[in-house]
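Structure first, then comments.
As a basis for the values below, the full set of heavy atoms in this structure was taken, side chains included, without hydrogen atoms, waters or symmetry mates. Because the structure is a prediction, the values reported are computed rather than measured.
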Amino acid sequence: MRVVAGEYKGRHLKAVPGDSTRPTTDKVKESMFNIIGPYFAGGSCLDMFAGSGGLAIEAVSRGIDHAFLSEKNRKAQDVIRTNIEITKEQDKFTVLAGDSRRNVVKLASQQDNLTFRLVFIDPPYQAEKTEEDILLLVKEGLVDDRTTFVCEMDKHTQLTDQIAGYQKIKRVEYGTIAIEIFEAL
């Protein structure tokens with residue numbers, strides 16, 4: 001795994017050992033960012049199920065100002081911190097340990113005027129509740145009409161075309177996974 005483009009381009013990232021996470025491949029990551037960006041003029045991003053942190057690090061590399069990475073798995077949290085160190089800009093990242101949905105509620109109560117420009121939702125497939133996750137972010141006021149949701153899932157899963165004022169603009173399949181992207185109506 002590596003950072004594909006931007007300020008940290010070419011830096012190698014560590015993967016979480018074992019099979020508890022599924023890192024997004026470089027090919028899929030590059031394609032995904034070509035659809036949604038590929039570069040950003042600031043803003044904040046949230047990676048709800050961060051794994052190794054690769055997506056959030058890629059987003060910051062491509063111009064996002066600050067990334068919040070939520071992860072429950074302790075081994076993954078250690079890998080995220082190691083990967084953030086590789087950027088040499090740790091102040092651009094906030095690691096949130098614990099349950100992602102609780103972290104969303106906590107963020108909303110602690111951060112005034114925080115809205116995410118970009119949200120990655122890639123839960124473990126057995127815990128996939130992407131539509132509920134989007135609804136929670138809307139309810140907590142952490143997204144607005146400039147937010148883009150990037151949702152990764154098993155290719156046999158398909159979300160509805162509209163969720164809480166957001167429209168599916170693209171679905172792309174890569175082998176066994178699918179990426180669905182939502183933007184405001």
Has the side chain of E140 got a donor or acceptor atom that lies under 3.5 Å from a matching backbone atom of L142? no
So does E58 pair up with R62, basic N to acidic O under 4.0 Å? yes
Applying ring-ring contact (aromatic ring centres under 6.0 Å, His included), run through F120 and F149 and close with a yes or a no. CA-CA 6 Å; F120 297 105; F149 289 95; over 10 Å; no
Judged by atom type as modelled, is there a donor-acceptor pair below 3.5 Å linking the side chain of Q77 to the main-chain atoms of K72? yes
Counting distance only, does the side-chain N/O of E71 pair as donor-acceptor with the main-chain N or O of G51 below 3.5 Å? yes
Could you grab the distance from atom OH of Y39 to atom CZ of F33, nearest 0.5 Å is fine? 10.5 Å
Treating Ile, Leu, Val, Met, Phe, Trp and Tyr as nodes and any side-chain heavy-atom pair under 4.5 angstrom as an edge, say whether V4 and I35 lie in one connected cluster. no
Counting N and O atoms only, with roles assigned by atom type, does the side chain of S61 sit under 3.5 Å from a partner on the main chain of Y8, one being a donor and the other an acceptor? yes
Does atom CZ (R146) have a neighbourhood of more than 12 heavy atoms from anything else shown, all under 6.0 Å? no
Counting N and O atoms only, with roles assigned by atom type, does the side chain of R11 sit under 3.5 Å from a partner on the main chain of T87, one being a donor and the other an acceptor? yes
Treating E131 as the side-chain partner and I163 as the backbone partner, does any N or O pair qualify as donor plus acceptor under 3.5 Å? no
Keeping D145 on the side-chain end and A184 on the backbone end, is there a donor-acceptor pair under 3.5 Å? no
Taking E180 as the fixed residue, which of K168, E152, E173 is the one that meets the side chain to side chain contact (heavy atoms under 4.5 Å, CB included) rule? K168
Less than 4.0 Å between a side-chain N and a carboxylate O, is that true for R2 and D26? yes
